[in-house]
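Written out below as structure tokens is the structure these notes cover.
Numbers here simply count residues along the sequence, with the first being 1. Model, not experiment: these values are computed from the prediction. In listed order, ligands and their atoms are each counted from 1.
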Amino acid sequence: MKQLWAPWRMIYISEGAKETDCIFCSKSKQSDLREALVVAQTAHTLVMLNKYPYNNGHLLLAPKRHERNLSSLSAEEYCDLNEALRRSVDIVRQALNPGGINLGMNLGRCAGAGIEDHLHWHVVPRWEGDTNFMPVVAETRVMPQHLLDSYDRLKPHFESLSA
Ligand SMILES: [Zn+2]
């Protein structure tokens, strides 16, 4: 594997092991939203940039309440989460103009869930050629834009969702 400029990997190496608490529950309590990478909050949903993204603008949407089962969400929580999901897709389309978007939810460790106790949607913008020379599941990824740059670019677009 070629060496790539990948600052997020250094953060992952230095901080990854320390994060034992549920990241979604701890994020919602953090006062600095930019540092927490939280771009929007609705009544029951948290929208944030993934700290270890698969691509630029990779979002995570989680219910504010710690819950692992989709069917255990109340109707209100479920609707709020899914309304936030479709609005986030619209916002990502407008803000980043991707060629496509992957949506996914991994339920359970063997389905690929990194945090299996707090369910969450992945929203991954895709561009033509973004996997041209890197395999989809490669450990090292090409990330032309730094996370906080992504945050600052996306945040204003999410004002309407938080309001
Ligand atoms: Zn949690």
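The atom of H118 nearest to the Zn ion (ligand 1) is ND1, with the search restricted to N, O or S atoms. H66 has its closest N, O or S atom to the Zn ion (ligand 1) at the position named ND1.
For the residue pair E76 / H44, a side-chain donor-acceptor distance below 3.5 Å is found, with atom types taken as modelled. T45 and D80 form a side-chain donor-acceptor contact under 3.5 Å, judged by distance and modelled atom types alone.
Side-chain atoms of N55 do not come within 3.5 Å of backbone N or O of H58 as any donor-acceptor pair. Panel note: side chain H66, backbone K64; no donor-acceptor pair is recorded below 3.5 Å.
Between SG of C25 and SG of C22, the angle at the Zn ion (ligand 1) works out to 120°, rounded to 10 degrees.
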